[in-house]
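Data block below; observations after.
Just follow the structure's listing: the first ligand is 1, and inside any ligand the first atom is 1.
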Amino acid sequence: MKKAIVLGADGQLGKTLFLLSKNIDVDFLFCSKSETDITNKESLRKVFHKTNFEYCINCAAYTNVEKAEDEIEKAILINANGVRNIAEVCKENSTKLIHISTDYVFDGTNDKPYKTTDLTNPINQYGKSKLLGEKYLKEVLKEHYIIRTSWLYSPFGKNFVKTIIKHIQNDANLKITTKEIGTPTSCIELSRFIIFLMIKDNISYGIYHFSARGSTTWYDFAIEIAENYDPKKVSYISATDNFKTRAQRPEYSVLDISKTEKIYGQLPKWQNSLKEVLEELKKFP
Ligand SMILES: NC(=O)c1ccc[n+]([C@@H]2O[C@H](COP(=O)([O-])OP(=O)(O)OC[C@H]3O[C@@H](n4cnc5c(N)ncnc54)[C@H](OP(=O)(O)O)[C@@H]3O)[C@@H](O)[C@H]2O)c1
């Protein structure tokens with residue numbers, strides 16, 4: 001049986017992978033930050049020396065886009081230097097690396113979905129640190145998959161869907177921005193794709209864009225969440241085009257998923273994936 005190590009296992013993607021890992025023909029080892037810190041190469045070496053992993057899945061990252069503006073060094077330490085550590089240890093152990101990156105490597109000036117070959121130009125510190133991580137990984141290890149994804153949500157951890165639901169439950173009024181256009185992506189769908197890459201085993205290395213089909217604004221995403229969760233509460237949500245954030249965000253970050261769909265088949269519309277996660281949320285309130 002194939003063996004795989006998951007780093008950053010306590011994050012929302014790591015936890016979703018754990019949920020889907022049962023009944024799969026892969027033997028997973030899930031490591032949280034307290035068990036394996038990716039900024040500490042020796043801690044990585046130690047766990048890699050115990051077992052022969054065919055795959056490493058890196059779900060570990062510094063993901064606070066706002067705080068990254070002030071904690072630039074920390075974001076680089078984790079999202080760039082940490083990824084280089086993982087790549088180096090994977091190389092030492094002949095392990096293939098599946099790494100997750102972001103739509104925020106783009107500047108948002110496109111008027112059509114971003115292809116994997118489009119020019120990157122991040123406009124915030126989080127995006128810059130993630131792009132540097134991609135660069136280091138490509139320099140160190142040929143046997144890699146970089147999966148750029150967008151607007152992740154799941155039944156676990158902190159994410160937009162759970163935040164909107166919490167506010168709705170408290171009857172709070174919400175102002176949500178119409179300024180950004182992107183694609184919400186379910187961690188369940190992303191986990192299925194990660195598992196597909198491992199099971200298939202012969203997919204060409206390189207960059208893949210992964211999101212659901214379609215695009216929306218955060219405002220329309222919030223409306224869709226409310227309509228599905230409790231339609232009476234839709235009126236609590238209003239639109240704004242004047243939402244101040246510390247970090248600049250790309251106004252348009254829709255990913256072109258055609259390369260992924262060619263090998264994987266058609267992806268679901270974001271509205272359908274949302275329904276599945278809302279169902280799962282009932283089990284993990
Ligand atoms: N969330 C999104 O909307 C989004 C969009 C596009 C791409 N992505 C990418 O998708 C991937 C998964 O994101 P996510 O939403 O699952 O993030 P998340 O929920 O924030 O999980 C990240 C995990 O990494 C851990 N971590 C931080 N520093 C670490 C270190 N030095 N060593 C080991 N683990 C460490 C975190 O632990 P602590 O919480 O204890 O620090 C957390 O458990 C990331 O690469 C992210 O950049 C996310």
- Task: Please confirm whether T63 comes within less than 3.5 Å of ligand 1 when only nitrogen or oxygen atoms on both sides are compared.
- Result: yes
- Polar contact flag for Y126 and ligand 1 (N/O pairs, less than 3.5 Å): yes
- Message: Please work out, at 4.0 Å between heavy atoms, whether the side chain, the backbone, both, or neither of K130 comes within that distance of ligand 1.
- Response: side chain
- Any donor-acceptor pair under 3.5 Å from E261 side chain to L267 backbone: yes
- Side chain, backbone, both or neither: which part of A9 has a heavy atom under 4.0 Å from ligand 1? neither
- Message: So for ligand 1, is G8 a polar contact partner (N or O within less than 3.5 Å, distance only)?
- Response: no
- Item | F53 to A4 - nearest heavy-atom pair and separation | CD2-C, 3.7 Å
- Message: With a cutoff of 4.0 Å, is C187 in contact with ligand 1, counting heavy atoms of the residue only?
- Response: no
- Task: Examine the proximity of ligand 1 to I38 and report which part, side chain or backbone, both or neither, has a heavy atom under 4.0 Å away.
- Result: both
- Query: Is it true that atom NZ of K41 has more than 12 heavy atoms of other residues, nucleotides or ligands lying nearer than 6.0 Å?
  - Reply: yes
- Item | Shortest protein contact, atom 3 (O) of ligand 1 (heavy atom only) | L152 N, 3.0 Å
- Message: Distance under 4.0 Å to a non-hydrogen atom of T102: what atoms of ligand 1 satisfy this?
- Response: 6 (C), 7 (C)
- Message: I need the nearest protein heavy-atom contact for atom 38 (P) of ligand 1: residue, atom name and distance, please.
- Response: K33 NZ, 3.5 Å
- For D220 and W270 the tightest heavy-atom approach is O-CH2, 4.2 Å
- Task: Answer with yes or no whether C59 contacts ligand 1, where contact means a heavy atom under 4.0 Å from a ligand atom.
- Result: yes
- Identify the closest protein heavy atom to atom 14 (P) of ligand 1: which residue and atom is it, and at what distance? Q12 CG, 3.7 Å
- Query: Looking at ligand 1, does T149 have a heavy atom less than 4.0 Å from it?
  - Reply: yes
- Per-residue contact class, T36 against ligand 1 - non-hydrogen pairs under 4.0 Å: backbone
- For ligand 1, find out whether one of its N or O atoms is nearer than 3.5 Å to an N or O atom of S150. no
- Item | Within-cutoff protein neighbour (heavy atom, under 4.0 Å) for atom 41 (O) of ligand 1 | yes
- Is it the side chain, the backbone, both or neither of Y104 that has a heavy atom closer than 4.0 Å to ligand 1? neither
- Query: Which residue from G14, A61, A60 reaches closest to atom 27 (C) of ligand 1 through any of its heavy atoms?
  - Reply: A61
- Is there at least one pair of N or O atoms, one from G11 and one from ligand 1, spaced under 3.5 Å apart? yes
- Closer than 4.0 angstrom: is that true for some heavy atom of T185 and an atom of ligand 1? no
- Item | K259 NZ/CZ over Y208 ring centroid, <6.0 Å and within 45° of normal | yes
- Message: With a sphere of 6.0 Å drawn around NZ of K22, does it hold more than 12 non-hydrogen atoms of other residues, nucleotides or ligands?
- Response: yes
- Item | L13-ligand 1 polar pair, N/O distance under 3.5 Å | yes
- Query: For ligand 1, is there an atom lying under 4.0 Å from some heavy atom of Y62?
  - Reply: no
- Counting only heavy atoms not in N202, do more than 12 fall under 6.0 Å of its CG? yes
